[in-house]
Amino acid sequence: MQQAQLELLVIAAQGGNKKAYEILYLHYSPGMRRFALTLVPFGQAEDLVQSVWLKVFKRIHSLNDVSVFGSWLYRALRWEANDWLKQSYNSKKDSYDEGELEQINTTESKTDSNESEFLKAMTGLLLIEQQIIQLFYLQDMPIAQIALSLDIPVGTVKSRLHRARIALKRILENNNE
């Protein structure tokens with residue numbers, strides 16, 4: 001879908017058009033789910049995406065620049081995931097002693113043997129680099145919008161994208177040897 005069409009849909013959704021909101025949901029949700037999976041465990045990703053959409057529906061009228069709607073969505077998703085992770089960490093910390101918490105963290109960080117080689121290689125990157133790779137390559141998001149979504153300067157996105165590419169190449173080459 002063209003950027004101009006998306007902007008018109010956002011304007012219509014701001015005016016209360018439920019069909020426009022539905023089209024925006026269908027367009028952005030699959031990518032948001034994929035991005036959420038890089039941030040939180042599988043079972044929580046869908047809930048976070050739904051939570052973000054509910055908040056967006058309530059706050060869409062406050063968005064002044066409709067051209068940044070996609071970035072606005074991903075930023076909201078990132079904030080929602082960060083809040084969930086903090087809450088989850090604090091509840092685990094309260095429930096377990098240090099030894100148990102360390103064991104849980106190492107168990108959760110292991111990759112599934114069915115994952116693709118690329119996804120396994122992605123786990124070797126810093127979280128911010130994983131997010132940039134995900135948004136740039138899998139969501140086809142422009143660098144300027146990634147910067148808005150992640151709340152970092154454009155130059156930082158470019159340098160981290162460059163570093164992530166080099167690191168991925170090195171990881172994949174080492175895995176193939």
Side-chain angles (χ1 to χ4, degrees), residues 1-3 5-7 9-10 13 20-57 59-60 63 66-89 105 107-152 154 156-172 175:
M1 191 173 295
Q2 298 281 339
Q3 181 64 27
Q5 292 172 314
L6 292 171
E7 290 174 13
L9 286 170
V10 172
Y21 188 79
E22 180 183 342
I23 294 169
L24 288 170
Y25 175 83
L26 292 172
H27 179 76
Y28 283 104
S29 287
M32 290 175 68
R33 283 186 200 97
R34 285 190 302 270
F35 185 62
L37 288 171
T38 66
L39 303 172
V40 297
F42 178 77
Q44 192 60 36
E46 180 67 29
D47 291 343
L48 289 181
V49 170
Q50 294 303 319
S51 177
V52 167
W53 278 107
L54 289 172
K55 290 178 181 179
V56 164
F57 187 67
R59 298 179 185 150
I60 196 165
L63 180 65
V66 295
S67 66
V68 298
F69 180 74
S71 300
W72 189 58
L73 277 176
Y74 283 92
R75 180 184 275 192
L77 180 57
R78 189 166 170 252
W79 286 341
E80 193 78 16
N82 286 341
D83 288 346
W84 182 85
L85 289 168
K86 286 177 194 171
Q87 186 178 32
S88 175
Y89 176 76
N105 289 338
T107 303
E108 287 178 352
S109 67
K110 291 181 182 174
T111 58
D112 185 17
S113 60
N114 294 332
E115 289 179 345
S116 73
E117 187 177 340
F118 178 75
L119 293 177
K120 287 181 184 178
M122 286 270 293
T123 62
L125 300 176
L126 297 172
L127 181 60
I128 191 75
E129 292 172 345
Q130 290 178 27
Q131 293 172 1
I132 290 170
I133 292 284
Q134 171 80 282
L135 292 173
F136 187 77
Y137 287 108
L138 303 178
Q139 308 305 323
D140 294 324
M141 191 178 282
I143 288 176
Q145 286 189 5
I146 294 171
L148 285 172
S149 297
L150 301 178
D151 201 22
I152 56 177
V154 170
T156 303
V157 172
K158 289 178 181 178
S159 64
R160 288 185 180 173
L161 182 60
H162 178 72
R163 264 188 282 157
R165 287 176 183 144
I166 292 170
L168 275 174
K169 181 180 177 185
R170 187 179 61 246
I171 291 167
L172 290 170
N175 288 347

Student: From Leu161 CG over to Thr156 OG1, what is the distance, rounded to the nearest 0.5 angstrom?
Tutor: 12.0 Å
Student: Rounded to the nearest 0.5 Å, how far apart are OG1 of Thr38 and CG of Leu127?
Tutor: 6.5 Å
Student: Could you tell me whether the side chain of Ile60 reaches within less than 4.5 Å of the side chain of Phe69, counting heavy atoms only?
Tutor: yes
Student: Using a 3.5 Å distance criterion without hydrogens, assess whether the side chain of Glu80 forms a donor-acceptor pair with backbone atoms of Leu48.
Tutor: no
Student: Mind checking what makes side chain to side chain contact (heavy atoms under 4.5 Å, CB included) contact with Leu172, not counting sequence neighbours?
Tutor: Glu117, Ala121
Student: Quick check against the 3.5 Å criterion: does Gln5 have a side-chain atom that pairs as donor or acceptor with the backbone of Gln2?
Tutor: yes
Student: Which pair of non-hydrogen atoms, one from Ala36 and one from Val49, has the smallest distance, and what is that distance?
Tutor: CB-CG2, 4.0 Å
Student: Over all heavy atoms of both residues, which pair between Ser149 and Met141 is shortest? Give the atoms and the distance, please.
Tutor: OG-SD, 3.6 Å
Student: Pairing donors with acceptors under 3.5 angstrom, does anything connect the side chains of Gln130 and Gln134?
Tutor: no
Student: Considering all heavy atoms of both residues, which atom of Met32 and which atom of Gln139 are nearest to each other, and what is their separation?
Tutor: N-OE1, 4.5 Å
Student: Mind checking what makes side-chain hydrogen bond (donor to acceptor under 3.5 Å, both in side chains) contact with Ser29, not counting sequence neighbours?
Tutor: Trp53
Student: Any chance you could lay out the side chain to side chain contact (heavy atoms under 4.5 Å, CB included) test for Tyr28 and Leu6, step after step, and finish with the verdict?
Tutor: CA-CA 10 Å; Tyr28 283 104; Leu6 292 171; 3.4 Å; yes
Student: Output a table of donor-acceptor pairs, distance under 3.5 Å, between side-chain atoms of residues 163-170 and any protein atom two or more places apart or on a different chain; print 'none' if there are none.
Tutor:
unit_1: Arg165; atom_1: NE; unit_2: Tyr137; atom_2: OH; d: 2.6
unit_1: Arg165; atom_1: NH2; unit_2: Tyr137; atom_2: OH; d: 3.1

Student: Do Gln50 and Asp47 have side chains that get closer than 4.5 Å, going by heavy atoms?
Tutor: no
Student: Do His27 and Leu24 pass the side chain to side chain contact (heavy atoms under 4.5 Å, CB included) test, and can you show the C-alpha distance, the side-chain angles, and the key distance before you say yes or no?
Tutor: CA-CA 5 Å; His27 179 76; Leu24 288 170; 5.7 Å; no
Student: Do Leu39 and Trp84 touch side chain to side chain, with heavy atoms closer than 4.5 Å?
Tutor: no
Student: Only pairs at least two apart or in different chains count here, so list each salt bridge (charged side-chain N to carboxylate O under 4.0 Å, His left out) that has a residue in residues 139-151.
Tutor: Arg75-Asp151
Student: Which residue pairs pass the salt bridge (charged side-chain N to carboxylate O under 4.0 Å, His left out) test with at least one member in residues 23-33, sequence neighbours excluded?
Tutor: Arg33-Glu46
Student: Going by the rule side chain to side chain contact (heavy atoms under 4.5 Å, CB included), which residues pair with Leu150 if we only count those two or more places apart in sequence or in a different chain?
Tutor: Phe35, Arg78, Ile128, Gln131, Ile132, Leu135, Ile146, Ile152
Student: Test side chain to side chain contact (heavy atoms under 4.5 Å, CB included) on Met1 and Ile23 and set out the steps.
Tutor: CA-CA 11 Å; Met1 191 173 295; Ile23 294 169; 3.9 Å; yes
Student: Check each of Ile143, Val68, Val154 against Leu148 using the side chain to side chain contact (heavy atoms under 4.5 Å, CB included) test, and report the only one that passes.
Tutor: Val68
